[in-house]
2 protein chains.
Amino acid sequence: MDKIKIIVVDDHPMVIEGMRAMLQQIDFLELCATANNAYMALEKLREQQPDLVITDINLPEISGIELTARLKKEYPAIKVIGMSTFNERSYISQMIQSGADGFLVKSASKEEIEKAISLVIEGQMYLSVDVNMNNQEKKELKNQPVLTRREKEILHLIADGLTNPQIAEKLFISLNTVDTHRKNLLAKFETNNSASLIKLASKSGII
Amino acid sequence: MDKIKIIVVDDHPMVIEGMRAMLQQIDFLELCATANNAYMALEKLREQQPDLVITDINLPEISGIELTARLKKEYPAIKVIGMSTFNERSYISQMIQSGADGFLVKSASKEEIEKAISLVIEGQMYLSVDVNMNNQEKKELKNQPVLTRREKEILHLIADGLTNPQIAEKLFISLNTVDTHRKNLLAKFETNNSASLIKLASKSGII
DNA sequence: AAAAAAATCCCCTGAAAGGGTGAGCGATCC
DNA sequence: GGATCGCTCACCCTTTCAGGGGATTTTTTT
């Protein structure tokens, strides 16, 4: 069997170099390209046809989540492992929803990375142990509500301190509509006031 | 002149490997040790007597900030460069106050790292361009209001979704007092509603 | 001991948020 | 072609918030 071809996508040179150093030590795979952003990643993808893409979730302009979605649409066979720092676990579910096959925290050891790659290539899903371990956080992750475009928009305006009438004026919609959206947001986050709404949204990385 | 001896401290193997790869390419310095945490760092320090320590700010147990403070107390001659992901700029000021000589974001390029090391070794201070550049964020950093103990306490309760009467009951104080504290919080953050208050506090890392 | 800062308390008013319910309309999915 | 979902709008009612005063008592700093 040929070596597994991998592309690593991250905007931090340090992470790219770190991954390069670690992947070199694993003999059944080959790092065929790296990219600093989603555009470059998509370009390299066309050239190289890799088996696996390991991508940071926080990329400038186009996020790793969107990159994953686009990539999976065009090349469903390519496996994707998402990567993120420990602070951003909240994005994991979105990543999975976009079609990712695995998730690694950046604090992963060489062994963990190797294991993740092996499992994902076999068709299994791999989630960093750190992700599985913390039950409370896992629960919080699961309870992350799915917001509609409009709801996110309004959530941001609320966070910016606009009142319902101001939001209504800005979006050219009725005050009642804004009110409804706000209520739906509160319901989705299972809370009952804006302060904790913003706190939860902030913790979830939505803001 | 001898090569500059450096110790890198970070709990992410990927960053360690990335730094190792990048530092190897710079000929006037030598990576003499690495450490995953503050304890190991202090141990290696005693053994190696480096010229420079590059440390992550977010370390388990003992933070990079505290490590810096301890290190500077014992070995004032050793230079320290703090390192952090772009999200955590709010810690920079604390880092500088603890005696750090420089600050790098983890997204730094090889060139930037080289420049930072050179300047710091010469006795100058280096801050990542990202830190200097963004005036708005810099302002936000500076404008971080100083909160009293009580105000922080109440801020957290507001964020948890408690209403003023609930807070009053919980803290055994009058509703009016809570109201006053809340007003002071709004004034200090120069905003006029709880939602944006929580957003700002959240961004500042207070929550 | 005097001054400053923090914490406490009180009253007022209008605006805004929160809670409940129902309903029309367009796009998309099956 | 029916069902679901997202977005829109409406009405009613109660509670909370925001902002404006002013005031006293601890605690800390100088």
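Owing to the predicted nature of the structure, the values given are computational and were not obtained by experimental measurement. In what follows, chains carry the letters A, B, and so on, assigned in the order in which the sequence lines appear, proteins first and then strands, with residues in each chain numbered from 1.
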Between [X] and [N], is there a contact of a side-chain N or O with OP1 or OP2 at under 4.0 Å?
X        : N      : answer
B:Arg182 : D:dT16 : no
A:His181 : D:dT8  : yes
B:Thr148 : C:dA7  : yes
A:Asn176 : D:dA10 : yes

I need the [atom1]-[atom2] distance between [X] and [N], as an integer number of Å.
X        : N      : atom1 : atom2 : value
A:Asn192 : D:dT14 : CG    : C1'   : 14 Å
B:Asp179 : C:dC10 : CG    : P     : 12 Å
A:Ile158 : C:dG18 : CD1   : P     : 8 Å
A:Ile154 : D:dC9  : CD1   : P     : 10 Å
A:Leu162 : C:dA16 : CG    : P     : 12 Å

query: Taking the side chain of B:Ile173 as its heavy atoms from C-beta onward, which of C:dC9, D:dG19, C:dG19 lies nearest to it?
result: C:dC9
field: Given C:dG19, C:dC10, C:dA7, the nucleotide with the shortest approach to the side chain of B:Ser174
entry: C:dC10
- line: What one should report as the nearest heavy-atom pair of B:Gln48 and B:Lys5 is O-NZ, 2.8 Å
task: State, to 0.1 Å, how close B:Ser194 and A:Ala195 come at their nearest heavy-atom pair, and which atoms those are.
output: CB-CB, 4.2 Å
Under 4.0 Å, heavy atoms only, any strand: does [X] hit a base, just the sugar-phosphate, or nothing?
X        : result
A:Asn164 : sugar-phosphate
B:Thr180 : base
A:Thr177 : base

message: Both A:Arg149 and B:Leu186 contact DNA chain D. Which one's nearest nucleotide lies toward the 5' end?
response: A:Arg149
field: Residue met sooner reading DNA chain C from 5', once A:Asn193 and B:Arg150 are mapped to nucleotides
entry: B:Arg150
field: Under-3.5 Å donor-acceptor pair between A:Lys183 side chain and C:dG19 base
entry: yes
query: Among B:Val80, B:Ile117, B:Val15, whose side-chain contact (heavy atoms from CB on, under 4.5 Å) with B:Ile54 holds?
result: B:Ile117
query: So, B:Asn193 side chain and A:Gly161 main chain: donor-acceptor pair closer than 3.5 Å or not?
result: yes
query: Are B:Glu151 and B:Lys188 ion-paired here, with the side-chain N under 4.0 Å from a carboxylate O?
result: yes
